[in-house]
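Notes to accompany the following structure.
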Amino acid sequence: MRYSKVFGKTSKTEGSDYKIDSHRLLTQAGFIRESTAGRYYLLPLGQKVHEKITDIVRRHMDKYGAQEVSMPVLHPIELWQETNRTSTTGFELMKITDRREAEFALGGTAEEMAVDLVRKFNISYKNLPFNIYQFSMKFRDELRARGGLLRVREFIMKDAYSFSTKEQFEKIYEDMSRAYSDIFSEVGLETEKVRADNGYIGGEYCHEFICQSEAGESRYFVSKSGEAAHEDVAEVHAELKNTDDKEEDIKEVKAERGKTMEDGVKLHDLPLWLQIKDVLYFDESTKKYVLAVIRGDYDVNETKLMHLAEAWDLRAATDKEIKDDLNSEPGFISPVDFPRKSKSGKKVVVIADKSLRTIKNAYGGANKKHRDLMNINIDRDYKPDIEGDIALAVAGEGTVEKRGIEVGNIFQLGYHYTDLMKGAEYTDENGKKQKYYMGCYGIGIGRTMAAVVEKYHDDKGIIWPENIAPFKVYLAVLGTDKEVCEQAEKFYGELQKTGVEVLFDDRDVRPGEKFADADLIGLPYRVVISEKSLKSGGVEFKKRTSKETEILSQEGLIARLKNK
RNA sequence: CGGGGAUUGGCGCAGUUGGCUAGCGCGCGCGCUUUGGGAGCGCGAGGUCGCCGGUUCGAGUCCGGCAUCCCCGACCA
């Protein structure tokens, strides 16, 4: 392709709004252009990369017997109602209504569609297992789009759905896990398989494929043994503090302090870990209050809390609710004598983190303004309704905290959807109807592209790994000398004939501009034809990653690139 | 959803206490010169200053509302 004809230009000036390298570079180099927040145009160069990633994903999916299909983007809302996902949050579902007032969800994921498709067929156990996948636009009304292609509101996702017996499932899950590792390493990313939370997708366990990057949003922890767990699920084992101490009598004291934990530490001159932290939530899905109680030096992990409290739509309780409905005081909440029913009749659940078992004679609020309790002890002074691990993990003792970009995930769904959706059954060898056991597997293509740029770039531009570079070779002709140009044209033709993907910079611009663009666009190889190179006997060859250039004959270069 | 910042040619920005025809750099077009790390000179095109309303003789500038975009937070009581 001739660069003079490529739609989408590089830009010398970089925008001021780009905080993330991949966002800036992809924009500056003419791969993407923003439409509105979180919605992007893919320009021809970007589209090429996108397609190459797509091809790699497709090849690996097919290798494990998955079959490509296409599903409608508009999902009948009834399907989402069948699985109750119109009411649960997670991502905001986008909806659209047609002229007959029929409601549709704009697909953000397609479990219901896949199940609905499958249940239209009468399937025998002999046909199991099968795994269907698609590449399609996904719509998510994200609270906040961020970082260019890293978090968007519309994106192409490869989503796969496996249908099998329970016994067959493990192998499919393993196959997909292997496929994913292979896919990501082929595009140039090292990923870690991280145990994660199933969230709104449902099911019991799942893994995210995360590639380490400071630009990423996922925090996870890797233990000494190499086990990786997302912060949402990473277990916390709090060390014992002062459990050998003798239990002292509980007493209420005056506490003229502010509302923060630090205020408490300062006032009583006691360690943070001895203070009790109380966080009050209200759950909109079950209309109950949830009081999370935890050791002062830990934070509450809302995801863990959600599961333990069976509360799917938690929000912070308001000061008004704390005061008027629960008779307590913001900043001075205490699990001691905390009501189990609010004035307005709502249920209250008190959930204690197991870290509270590691301390004795704790201190904290007294449900009254400027009053604190000293020597609070679990069991004796308060009894939680539920006890468990609701702590946000922190790095320490053998675990390392990492941050990265989640480029793919695999979910065990089990019977979650086939239980909720009628008729999602096959016939077993005894002629009986059985529910499918399911899994689903997703990869964000655009995000993968951005993750690659995050990893492969320098101060001059992108450095595409060969497997997904939009072209292999950047061929530049320098000057306007007639003979040189003719040679370049001829050589461009030769390269094309050999099947080398080449971007021919045939513009009449100065060398500096061509070199700068070559670096910015980041193709793996740069080839220059100029008076100088011809005098030295051929063409100049340089890798994007190297500073050195070498002179090769035209034939020599073609031989060198032939298998690229 | 809360807080902060922003919105002026394609991009990056300037525009003072309200005042004349809204500027600059890059980019774009034409011409000449130039051609190994984003060239020089000349000519030129391109803007209802985000939108709506208000104040005023006069608004890019002041006031009110809305929209869009960016950043931080969305829980530590």
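Chain letters run A, B, ... following the sequence lines, proteins first and then strands; every chain starts at 1.
- Separation of the A:Tyr382 and A:Phe338 ring centroids does not fall under the 6.0 Å cut-off.
- In this structure, A:Phe332 reaches the sugar-phosphate backbone alone: every heavy-atom distance under 4.0 Å involves primed, P, OP1 or OP2 atoms, never a base.
- A:Tyr281 contributes a side-chain N or O that forms a donor-acceptor pair with the base of B:rC75 under 3.5 Å.
- For an aromatic pair to be called close, the ring centres must be under 6.0 Å apart, and A:His230 with A:Tyr220 fails this.
- For the residue pair A:Asp517 and A:Thr10, a side-chain donor N or O sits within less than 3.5 Å of a side-chain acceptor on the partner.
- Straight-line distance from the OH atom of A:Tyr298 to the C1' atom of B:rC76: 15 Å, rounded to whole Å.
- Contacts between residues 356-380 of chain A and RNA chain B, defined by a heavy-atom separation below 4.0 Å, involve no residue at all.
- In this pair, A:Tyr474 and A:Tyr3 present their aromatic rings tilted. The plane angle is within the 30 to 60° band.
- A donor-acceptor contact closer than 3.5 angstrom links the side chains of A:Asn377 and A:Asn361.
- Evaluation of atom-type donor-acceptor distances gives a pair under 3.5 Å for the side chain of A:Arg526 against the base of B:rG37.
- Near RNA chain B, defined here as any heavy-atom distance below 4.0 Å, the residues from residues 260-275 of chain A are A:Thr260, A:Met261, listed numerically.
- Contact annotation: A:Arg510 does not reach the phosphate of B:rG38 (side-chain N/O to OP1 or OP2, under 4.0 Å).
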Can A:Glu548 and A:Lys542 be said to form a salt bridge (Lys or Arg N to Asp or Glu O under 4.0 Å), step by step?
CA-CA 6 Å; A:Glu548 318 297 315; A:Lys542 176 185 165 301; over 6 Å; no
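- Within the nucleic acid shown, A:Glu34 comes within 4.0 Å of sugar-phosphate atoms alone, with no base atom in reach, counting heavy atoms only.
- Using a 3.5 Å distance cut-off with no hydrogens or angles, the side chains of A:Thr303 and A:Asp197 do not pair a donor with an acceptor.
- For RNA chain B, the neighbouring residues in residues 315-325 of chain A, judged by any heavy atom under 4.0 Å, are A:Ala316, A:Ala317, A:Asp319, A:Ile322.
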